[in-house]
Amino acid sequence: MTKPISLKAVERKAYLSYHKDGLVDICLGLALLTSFIGFIVVALYPTIFADVFWIIMTAPISVIWIWPFIYMGAKKSITIPRLGYAEFSPKRTKKTRGIIALFFIINFVSLFVGFYALVSREFTLFLVAHFLVILGLVGLLLFGLVAYLSDFQRFYVYGGLTAITFILSYYLNIAFYIPILSLGTVLLVAGIVLLVQFLRQYPKVEIGDVAE
Amino acid sequence: MTGSNPSDQELPSVQDIDRLIHEPARLTILIHLYVLKSADYVFLTQQTGLTWGNLSAHLAKLEEAGYIKIEKKFVDRRPYTLVHLTEQGRAAFRAYQRQMKHLFEELDEF
């Protein structure tokens, strides 16, 4: 039996095919792994900055300021030559802008929290005590929001995984950088798998290949 | 309308169906262009499953009818040949959608 055509489903399929290249997963994974390396360096060579300052600021800053440019560059050189270029509906553009705004908000809130932690000892002690639980819940909320806005179902899984990893580490008394390392690795591996599948499904289109 | 037979009244709605849109390949193209702001040829071939030659031929017919517009555009200093639905094309698609819905709603069991 023929399935009825749903315009929403067609739009969703077109949008998701544009994002099943795994690039966003790879960039997020690399951002987390970069943060992990940053934390290790700070732990080995504690110098000018307080640990809390780094813990709060490194991850969001690396996500906001470096990786979007790498992501956009990769999109232009990997995805568009294979899948083509499309501009999505204003509704979809609005949602994408919502995600970008969300990341800017995280960045500014993190900066504020970081500076406040520097001046308030009580707040610093609270953060240190509950840091992993806070990160787990914030991660769950953020991944959940991005999944809701973008229709990337796998982001719900990442959100759940973030909450479980960080909260478990809190109760099992595991160093904070271990869940960051695990989550970064999971995202990176998932992204690479998706990218390999994408490259196999969509070989680079040359004009000679498509002209008849 | 002067016809007294109900079947006479139904016939014009079938006859009025936009044949340009009713062709499966062109309908697939229009469905995609209706939900997107614009897309290039590569994206349309990937989404519709049409070959480059087929797509070009159907796009030419749709452009001739004024349903779509094909434009060269620079995005981040790269040239793209983008296809988008015109207002006329959007209206024609909506009319076709209404007509087909109406037609099948009116068809009774036999």
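Here is the naming used below: chain letters follow the sequence lines, and residue numbers restart at 1 for every chain. It should be emphasised that the depicted structure is a prediction, and the values quoted were computed from it without experimental measurement.
At a 4.5 Å heavy-atom cutoff, the contact between A:Y18 and chain B is made by side-chain atoms alone. Only the side chain of A:S17 comes within less than 4.5 Å of a heavy atom in chain B; its backbone stays farther off. Using a 4.5 Å cut-off between heavy atoms, A:K8 makes no contact with chain B at all. Proximity to chain B is absent for every atom of A:R92, based on heavy atoms less than 4.5 angstrom apart.
When all heavy atoms of A:A14 and B:L36 are compared, the closest pair comes out as CB-CD2, 4.4 Å. Between A:L7 and B:V35 the shortest heavy-atom distance is O-CG1, 3.4 Å. Here the closest heavy-atom approach between residue B:Q47 and residue A:K13 is recorded as OE1-NZ, 3.8 Å.
Other residues, nucleotides and ligands contribute more than 12 heavy atoms inside 6.0 Å of the NZ atom of A:K75. Environment of CD in B:E71: crowded, with over 12 heavy atoms of neighbouring residues, nucleotides or ligands closer than 6.0 Å. Atom NZ of B:K61 is surrounded by 12 or fewer heavy atoms from other residues, nucleotides or ligands within 6.0 Å. Dense packing is recorded around OH of B:Y41, with more than 12 heavy atoms of other residues, nucleotides or ligands lying under 6.0 Å away.
With hydrogens and angles disregarded, a donor-acceptor distance shorter than 3.5 Å links the side chain of B:Q46 to the backbone of A:R82.
Between B:Y80 and A:I80, some side-chain heavy-atom pair lies under the 4.5 Å cut-off.
None of B:V42, B:T81, B:L82 except one satisfies the side-chain contact (heavy atoms from CB on, under 4.5 Å) rule with A:Y85; the exception is B:L82.
Atom CD of residue A:E11 and atom CD1 of residue B:I31 lie 13.5 Å apart, to the nearest 0.5 angstrom. Separation of atoms NZ (A:K76) and CZ (B:R78) is listed at 6.5 Å; rounding is to 0.5 Å.
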